[in-house]
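Counting from 1, the numbers follow the sequence of the chain as shown.
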Amino acid sequence: MLSRKEHLDTLTIKAQEQYEWDVIVIGGGATGLGSAVDAASRGLKVLLLEGHDFAKGTSSRATKLAHGGVRYLAQGNFSLVKEALEERGRMLVNAPNLVKPLAFVIPVRNVFQKLFYWIGLKMYDMLAGKLGVGPTTMVKKNEVLRAVPTISQHKLHGGVRYFDAQFDDARLAIALMKTLHKLGGMAINYMPVTGFVKNAEKINGVQARDEFSGETLTFKAKAVINATGVWVDDIRKLDSADSKPMLSPSQGVHVVVDQHFYPAKEALLVPKTSDGRVLFVVPWLGKTLIGTTDTPRTDSPWEPDALPEEVDFILETAGKYLANAPTRADVRSVFVGLRPLVSAGGEKQNTKSISREHTVITAASGLVTITGGKWTTYRSMAEEVVDLVCEQHGWAHKPTRTRNMRLEDDLPMRKPGSAIHENLDLNEAEIAQAVLEEMAVTIEDVLARRSRALFLDSNAALACMNEVRFVLQNELRYSDEELDRQEAEFRKLVAQYGLNSVS
């Protein structure tokens, strides 16, 4: 049982006893959870504090692909591609229930294009080595039509097929959270860090607030890792008011449409869009996911809005390659993620060219910040930052055990009970499991991240709200007022994820 209330009770006692953790990790996304799991795998005493819910930010809004980065290959960044391909291989082995091989078809319009992409992707295969998923091949026009029956035949010459992997980001985050607990660590959501405790200018603890009771708790720690993604600068400011920003965030938008627009088992990669990016059309959980964009931002809201032109760009680009082009009226959900791109010296740059590679820095106070990177490399980033912390604290002979460690990646209970909505694969047993075993404590937690209802079909998610409300009231004894507050918040999100907010 992973109940938030039990964890909160345990943590409150530990705080009162002035228990000292070896490592406190701030941030419950991919990098934070990965770092906490890595530290716990070494036998360290680890606490993870998440201000909202696990994977609430960028880590639940990816394109759901574990990949080496075909685009980085084109840029000649071979070391980044090789590392990511190794990590992709590890994800497939360590979380086989959640990470699966996926074939991609690149449509081409002439022989030159076919040869160009085939050569490049053969290099991709070579960099993957023994951890390769499948061989790159040239495919004839009729094979492309068999694999992707709804592709537009306009100027279609054939294609190139290559392999990567697909996963469910928010579910993988929950698998990491469960793995952390199994290793003896602790993680709690809705516990934002509000300040640091210092001795002689060095951090030796954090102050955090329980979002439900408003109570402040102080946790002692030998080391603190700031892994809050696009919000790392906020935490760095808490440590030192004059710390310079290190990020230039950008946002990526995805739209979700019904499966009949793309009834294929293989994904489609459009290698060069009008803005110089790649566009993916991917089968995902019975729907079709199309994305993404790259738009610079100067702020970092928890729920960023899609710009109308971003949605139009995605639909227009997809429409050039799909015989039956989806329109705004066909969009079931729109979701937006912010990328924590590390800027060089803070000057404004085109965000497509800013590094996706991660950065680790240590402040004078001892606060270690890690940011950048992507889901595929979460584990190697975590290993690197925990190696650094171990070195700083003289914790020798504590190697990571995560390279070949199976995660707690069991899928939710699909079988018992019938689905509560015709457009969603969600039943009451899953809702109860989310609340009792996966630390879901709000309507949004259940319908956005333990199940992916909000991301798949925002209106269908709204229709499931009462069932979730009933389980929360039954299991967590919430007042009507608290549930009314959660319901109002969720209705706002549904409006934002539907296209009525993007006009």
**Message:** side chain to side chain donor-acceptor pair (under 3.5 Å), that's the test. Do S380 and E83 meet it? Break it down for me.
**Reply:** CA-CA 8 Å; S380 56; E83 179 197 3; 2.6 Å; yes

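- A donor atom on one side chain and an acceptor atom on the other are found under 3.5 Å apart for T293 and E310.
- Of the charged side-chain nitrogens involved, none lies within less than 4.0 Å of a carboxylate oxygen, so that K64 and D168 do not count as a salt-bridged pair.
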**side-chain contact (heavy atoms from CB on, under 4.5 Å) evaluation trace for T292 with R277** = CA-CA 8 Å; T292 180; R277 288 186 57 78; 3.3 Å; yes

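- Heavy-atom contacts from other residues, nucleotides or ligands closer than 6.0 Å to NZ of K237 number more than 12.
- The CZ atom of R332 sits 9.5 Å away from the CG atom of L424 when rounded to the nearest 0.5 Å.
- Residues N199 and N204 have side chains that never bring a donor and an acceptor to within less than 3.5 angstrom of each other.
- I174 CD1 to E408 CD: the interatomic distance, rounded to the nearest 0.5 Å, is 13.0 Å.
- The backbone N or O of E303 lies less than 3.5 Å from a partner atom in the side chain of Q496, making a donor-acceptor pair.
- Partners of D410 under the salt bridge (Lys or Arg N to Asp or Glu O under 4.0 Å) rule, at least two apart in sequence or in another chain, do not exist in this structure.
- Counting all heavy atoms, side chain and backbone alike, V93 lies closest to P96 at O-CD, 3.3 Å.
- Judged by distance alone, the side chains of D9 and T12 never bring a donor and an acceptor atom under 3.5 Å apart.
- Using modelled atom types, no side-chain atom of R379 and backbone atom of G34 make a donor-acceptor pair closer than 3.5 Å.
- Looking at R90, its side chain never comes within 3.5 Å of a backbone N or O of E86 through a donor-acceptor pair.
- With contacts defined as side-chain heavy-atom distances shorter than 4.5 Å, the pair V368/V224 does not qualify.
- Here the CG atom belonging to L454 is positioned 8.5 Å from the CZ atom belonging to R449, to the nearest 0.5 angstrom.
- Panel note: side chain D233, backbone M246; a donor-acceptor pair is recorded below 3.5 Å.
- Side-chain contact check for D53 versus R450: some heavy-atom pair is nearer than 4.5 Å.
- The pair E438-K178 meets the salt-bridge criterion, with a side-chain N (NZ, NE, NH1 or NH2) lying under 4.0 Å from an Asp/Glu carboxylate O.
- R452 and D457 are not joined by a salt bridge, as no carboxylate oxygen comes within less than 4.0 angstrom of a charged side-chain nitrogen.
- The aromatic rings of F455 and F335 sit tilted relative to each other, their planes meeting at an angle between 30° and 60°.
- In this structure D234 satisfies the side-chain hydrogen bond (donor to acceptor under 3.5 Å, both in side chains) test with no other residue, sequence neighbours excluded.
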**Chi angles and distances behind the side-chain contact (heavy atoms from CB on, under 4.5 Å) call for L407, L172** = CA-CA 9 Å; L407 301 181; L172 189 58; 4.0 Å; yes

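- Side-chain contact between V441 and Y478 is present, with at least one heavy-atom pair separated by less than 4.5 Å.
- Residues D305 and Q251 have side chains that never bring a donor and an acceptor to within less than 3.5 angstrom of each other.
- The side-chain heavy atoms of I188 and M439, taken from C-beta on, include a pair separated by under 4.5 Å.
- A donor-acceptor pair is defined here as one N or O able to donate and one able to accept, closer than 3.5 Å; no such pair exists between the side chain of R88 and the backbone of A66.
- Checked by atom type, the side-chain pair T371/H358 shows no donor-acceptor distance below 3.5 Å.
- For E383 and T402, the side-chain atoms include no donor-acceptor pair closer than 3.5 Å.
- Among residues at least two apart or in separate chains, ring-ring contact (aromatic ring centres under 6.0 Å, His included) pairs with a member in residues 171-192 are H7-H181, Y190-F212.
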**Item:** From CA spacing to verdict: side-chain contact (heavy atoms from CB on, under 4.5 Å), Y497, V334
**Value:** CA-CA 5 Å; Y497 281 61; V334 179; 5.7 Å; no

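- The backbone N or O of G32 sits nowhere less than 3.5 Å from a side-chain atom of Y378 that would complete a donor-acceptor pair.
- Taking 4.0 Å as the cut-off between side-chain N and carboxylate O, R339 and D294 count as a salt-bridged pair.
- Salt bridge annotation for D480-R485: absent, with no cationic side-chain nitrogen under 4.0 angstrom from a carboxylate oxygen.
- Pairing each heavy atom of G68 with each of A84, the nearest pair is CA-CB, 3.6 Å.
- When side chains are defined from C-beta on, F167 does not count as touching K100, because their heavy atoms never get closer than 4.5 Å.
- In this structure, E17 contributes its side chain and Y19 its backbone to no donor-acceptor pair below 3.5 Å.
- Using a 4.0 Å cut-off between a side-chain N of Lys or Arg and a carboxylate O of Asp or Glu, R469 and E487 qualify as a salt bridge.
- Side chain of K198 to main chain of D239: a donor-acceptor pair is present (N/O by atom type, distance under 3.5 Å, no hydrogens or angles).
- Among all heavy-atom pairs drawn from L456 and S333, the shortest one is C-CB, 4.2 Å.
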**Message:** Applying side-chain contact (heavy atoms from CB on, under 4.5 Å) to S365 and K202, what does each step give before you reach the verdict?
**Reply:** CA-CA 4 Å; S365 64; K202 296 288 182 188; 5.6 Å; no

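- Between H393 and W395, the ring planes are parallel. Angles under 30° get that label, and only those over 60° would be called perpendicular.
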**Request:** Dump the intermediate steps for salt bridge (Lys or Arg N to Asp or Glu O under 4.0 Å) on D312 and R328, then the final yes or no.
**Result:** CA-CA 8 Å; D312 291 340; R328 286 172 151 266; 3.0 Å; yes

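- At least one donor-acceptor pair under 3.5 Å links the side chain of D22 to the backbone N or O of K45.
- Two residues are said to be in side-chain contact when any heavy atoms from C-beta on lie closer than 4.5 Å; T288 and P326 fail this criterion.
- Between H254 and I290, every side-chain heavy-atom pair lies at or beyond the 4.5 Å cut-off.
- Screening residues 26-40 for salt bridge (Lys or Arg N to Asp or Glu O under 4.0 Å), with sequence neighbours left out, gives D38-R42.
- Partner Q207 forms a side chain to side chain contact (heavy atoms under 4.5 Å, CB included) with one of T218, L217, L238 and no other, that one being T218.
- Within the structure, the ring-ring contact (aromatic ring centres under 6.0 Å, His included) test picks out the following pairs touching residues 215-245 (sequence neighbours left out): W231-W302.
- In this structure, S41 contributes its side chain and R401 its backbone to a donor-acceptor pair below 3.5 Å.
- The line from CG of L102 to CG of D164 is 8.0 Å long, rounded to the nearest 0.5 Å.
- For the atom pair L47 CG and E20 CD, the distance stands at 12.5 Å (nearest 0.5 Å).
- Separating the CD1 atom in I361 from the CG atom in L388 is a distance of 11.5 Å, to the nearest 0.5 Å.
- Contacts of R209 classified as salt bridge (Lys or Arg N to Asp or Glu O under 4.0 Å), with partners at least two apart in sequence or in another chain: E211.
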**Message:** The test is side chain to side chain donor-acceptor pair (under 3.5 Å); show your working for D169 and S59 and say whether it passes.
**Reply:** CA-CA 6 Å; D169 45 15; S59 296; over 6 Å; no

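- Counting heavy atoms from C-beta outward, I370 and N226 have side chains that stay 4.5 Å or more apart.
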